[in-house]
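For reference, the structure is listed below as structure tokens.
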Amino acid sequence: MVSLDQYHVLGTTLYGVYVVFLQSMIYVAGCLTLLVAADRLVHSALALYYRKFARKPPEAKYKAEELPDMSLYASMYPMVVVQLPMFNETEVCEEAIDYACQLDWPTSRLKVQVMDDSTDELTRQLVDDKVLEWQERGFIIECLRRDNREGYKGGAMKQAMDEGHLDGYEFAAVFDADFRPDKDFLLKTVPYLNDNPKIGFVQARWTFTNSQASFLTRVQELSLNYHVKCEQYARFATGAFFNFNGTAGVWRLKCIEDSGGWNGRTTVEDMDLSLRCYLNGWRFVFLYDVECLNELPSSFYAYRKQQHRWSCGPMQLWRQAMSSVWESKIPLWQKLYLNVFFFGSRMFATHFIALVFYCTIVPLSLFVPEVHIPFWALVYVPAVVTLSTAAFTPEAWYRCVVYVLFENAMSVVKLGAVVAGLLELKNAHEWVVTTKKGTSKFGSNTQLRCMYVRELLMSIFVLTSAFFGLFMKHRWDFTVFLFFQGLVFLAFGLNMVDEKIEGGAPRKVKKGLYRTYTL
């Protein structure tokens, strides 16, 4: 390790300036890793306490009386509309409509609203035929179409409200096309809204139909289980902000109207609306025990596009809403939580340290013997973050190493999206619907393969660093990690991470068609 006097001498040369800069970045990254680890530990401890040791579940503080027998008292049920936003989702559109129409609720008090922005003629025809089928069965169901995709999903939902399609209805359940709610979904969720006038929405927990289909879906399950089983649950239990996940939930329409309605200023319209409602005094309920099945992206292309949107959108929102958070009347601790942990740690620092620290600074340090990386920052802190994440997925311990390598490689996409969102770059408002394969007879076995240049370049850099460290510096501490990380970058660059695991899927999943793209 270099002393302060040596740093002073080094600072007089160009190489010395580089050494000082690199060491400074190590200290900055080390502080950020501690922030991320603290965030994970606190959320994990809170979730564990409220799930295992609290005398009552957090939702018990809200009144939620069971609704009366609908065959005798149908008129006492509130008016509910089920919204199904979709775009060119041929494989899942019919099943989505079937599930919505089969929800247990008085037919006269329920409307299904298919918000179909599809440009594909086959999808439009399938939707029209299915809507007509349920209309002939006596259900109140309509298909709304637009001549543009302005605002994407949020724009479609805003237009439906602005044009009066929701007049007379009190609550709106929202399901993406690949979500499959149980028949009693509304019976379990609506009572919380019906009996608590200050509750803005009720969010159910996501579960997954194809989590064992491939290494790609297995890693996604691990990450999303932490989000829904730990983060969302802990935030709800403590009264901190948590956002609507865009689907598998029920909104109070008055809450949406009072907070300015749906807005297309970001690619996370659900988080945007949730934040405005929260700052406006509304509160939300997360029901851990109410589950809703959905399909994980099973192609690397679809997953990249989804993660770009999910990483870019929060930064757009943070940039535009930060002043509103500080000016709001919520308690100071909630303002600090939103800016430091919700946006700062989870949405920014996590991606920054994955790419900049572990995949850039660590390899560079092999070429610069004057810098020192603390052992705790390399081993202990990542272990805490990884184990606390894996704790919420059964039998996930053996996937921890793969998860770390996978998340580091995905940071190329995620950090790029973060920067795009903060700086409002050209691709900040890019929205590509996440392709789902479903169980439709229209699936295709054709796959369009493409290579990803940024990941290939990272693989060359990381593998070069690993071989240099091994053969020139005779160091094993970094090089084993870098060797495997470089191979994962190579697999990402060659688009080899979504291969199906034989016998892994719980049901037959037919392969869909990749959409072409460049990034």
Side-chain angles (χ1 to χ4, degrees), residues 39-68 76-78 80 105 170-174 181-182 184-207 225-259 270-271 273-292 325 328-338 341-342 346 391-392:
D39 176 62
R40 296 290 173 106
L41 279 177
V42 169
H43 282 92
S44 298
L46 288 170
L48 179 64
Y49 168 75
Y50 282 103
R51 190 65 185 165
K52 301 294 184 182
F53 302 108
R55 287 182 293 179
K56 293 182 180 180
E59 64 269 21
K61 61 185 175 182
Y62 296 105
K63 182 181 178 183
E65 292 186 356
E66 185 177 346
L67 292 166
M76 296 180 64
Y77 281 61
V80 176
W105 205 257
E170 192 173 354
F171 307 125
V174 183
D182 291 336
D184 60 356
F185 185 91
L186 295 178
L187 296 175
K188 291 180 177 179
T189 54
V190 171
Y192 287 92
L193 294 166
N194 205 38
D195 295 332
N196 302 278
K198 287 305 294 179
I199 297 299
F201 70 76
V202 176
Q203 175 70 59
R205 179 165 63 89
W206 294 5
T207 53
N225 274 345
Y226 172 77
H227 174 61
V228 296
K229 290 184 177 182
C230 177
E231 283 182 320
Q232 295 288 75
Y233 184 66
R235 290 165 181 167
F236 163 58
T238 57
F241 170 74
F242 75 93
N243 62 285
F244 179 61
N245 284 337
T247 176
V250 186
W251 275 95
R252 185 187 303 275
L253 292 174
K254 185 178 185 300
C255 171
I256 298 177
E257 294 168 355
D258 288 353
S259 303
D270 45 7
M271 186 183 293
L273 177 59
S274 302
L275 182 59
R276 285 184 280 117
C277 293
Y278 184 77
L279 299 180
N280 206 25
W282 291 91
R283 292 299 175 260
F284 320 128
V285 171
F286 178 81
L287 297 180
Y288 187 100
D289 294 320
V290 179
E291 303 174 2
C292 190
V325 171
S328 69
K329 297 179 180 180
I330 63 175
L332 178 61
W333 77 266
Q334 294 178 356
K335 296 177 182 180
L336 291 172
Y337 177 83
L338 273 165
F341 288 102
F342 187 87
R346 188 68 172 96
F392 296 89

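Partners of Asp184 according to the side-chain hydrogen bond (donor to acceptor under 3.5 Å, both in side chains) rule, which considers only residues two or more places apart in sequence or in another chain, are Lys188. With sequence neighbours left out, Tyr50 forms a ring-ring contact (aromatic ring centres under 6.0 Å, His included) with no residue at all. By the ring-ring contact (aromatic ring centres under 6.0 Å, His included) test, Phe286 is found to be paired with no residue, residues two or more places apart in sequence or in another chain being considered. Under the side-chain hydrogen bond (donor to acceptor under 3.5 Å, both in side chains) criterion, Glu291 pairs with Arg205, sequence neighbours left out. Applying the side-chain hydrogen bond (donor to acceptor under 3.5 Å, both in side chains) test to Arg40 and every residue at least two apart in sequence or in another chain returns Thr389. Partners of Glu170 according to the side-chain hydrogen bond (donor to acceptor under 3.5 Å, both in side chains) rule, which considers only residues two or more places apart in sequence or in another chain, do not exist here. With sequence neighbours excluded, the residues that form a salt bridge (Lys or Arg N to Asp or Glu O under 4.0 Å) with Asp258 are Lys254. When the ring-ring contact (aromatic ring centres under 6.0 Å, His included) test is applied to Trp282, no partner is found at least two apart in sequence or on another chain. Looking at residues two or more places apart in sequence or on another chain, you find a salt bridge (Lys or Arg N to Asp or Glu O under 4.0 Å) between Glu65 and Lys63.
Taking both residues in full, the closest heavy atoms of Pro78 and Trp105 are given as O-NE1, 3.1 Å, listed atom of the first, atom of the second, then distance. In terms of heavy atoms, Pro58 sits closest to Tyr233 at CD-OH, 3.3 Å. Here the shortest heavy-atom pairing between Phe185 and Cys292 reads CE1-CB, 4.4 Å. Of all non-hydrogen atoms in Gly246 and Val174, the two that sit nearest each other are O-CG1, 3.7 Å. Counting all heavy atoms, side chain and backbone alike, Ser274 lies closest to Asp270 at OG-O, 2.7 Å.
Residue pairs meeting the salt bridge (Lys or Arg N to Asp or Glu O under 4.0 Å) criterion with at least one partner in residues 232-251, sequence neighbours excluded, are Glu231-Arg235. Note on residues 42-62: pairs passing salt bridge (Lys or Arg N to Asp or Glu O under 4.0 Å), not counting sequence neighbours, are Arg51-Asp289. Among pairs with a residue in residues 274-288, those fulfilling salt bridge (Lys or Arg N to Asp or Glu O under 4.0 Å) read Asp272-Arg276, at least two apart in sequence or across chains.
Atom CD1 of Ile199 is separated from atom OG1 of Thr189 by 12.5 Å, given to the nearest 0.5 angstrom. Note that the NE2 atom of His43 and the CG atom of Leu48 stand 14.0 Å from one another [nearest 0.5 Å]. Tyr288 contributes atom OH, which lies 9.5 Å from atom SG of Cys230 (distance to the nearest 0.5 angstrom). Atom CZ in Phe284 sits 11.5 Å away from atom CZ in Phe236 (nearest 0.5 Å). Here the CE atom belonging to Met76 is positioned 8.5 Å from the CG atom belonging to Leu67, to the nearest 0.5 angstrom. Atom OG in Ser259 sits 9.0 Å away from atom CG in Leu279 (nearest 0.5 Å).
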Give the C-alpha distance, both sets of side-chain angles, the deciding distance and a yes or no for side-chain contact (heavy atoms from CB on, under 4.5 Å) between Leu336 and Phe341. CA-CA 8 Å; Leu336 291 172; Phe341 288 102; over 6 Å; no
Let me see the working for Val285 and Asn196 under side-chain contact (heavy atoms from CB on, under 4.5 Å), right down to the final yes or no. CA-CA 10 Å; Val285 171; Asn196 302 278; over 6 Å; no
When you look at Tyr77 and Leu187, which way does the side-chain contact (heavy atoms from CB on, under 4.5 Å) test go after all the steps? CA-CA 10 Å; Tyr77 281 61; Leu187 296 175; 4.0 Å; yes
As a quick check of understanding, evaluate side-chain contact (heavy atoms from CB on, under 4.5 Å) for Thr247 and Trp206, giving each step before the final call. CA-CA 9 Å; Thr247 176; Trp206 294 5; 3.6 Å; yes
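Side-chain atoms of Gln232 never come within 3.5 Å of backbone atoms of Tyr226 as a donor-acceptor pair (strictly under, hydrogens ignored). For Asn243 (side chain) and Met271 (main-chain N/O), no donor-acceptor pair under 3.5 Å exists by modelled atom type. In this structure, Asn194 contributes its side chain and Val190 its backbone to no donor-acceptor pair below 3.5 Å. Using modelled atom types, no side-chain atom of Tyr62 and backbone atom of Leu193 make a donor-acceptor pair closer than 3.5 Å. Of the possible donor and acceptor atoms, none in the side chain of Trp333 sits under 3.5 Å from a partner among the backbone N and O of Ala240.
Ring pair Trp251/Phe244 is perpendicular by interplanar angle, where above 60° counts as perpendicular and below 30° as parallel.
With a 4.5 Å cut-off on side-chain heavy atoms, Phe241 and Ile330 do not count as touching. The shortest distance between side-chain heavy atoms of Phe171 and Cys255 does not fall below 4.5 Å.
Ring centroids of Phe242 and Phe201 are separated by less than 6.0 Å, placing the two rings close together.
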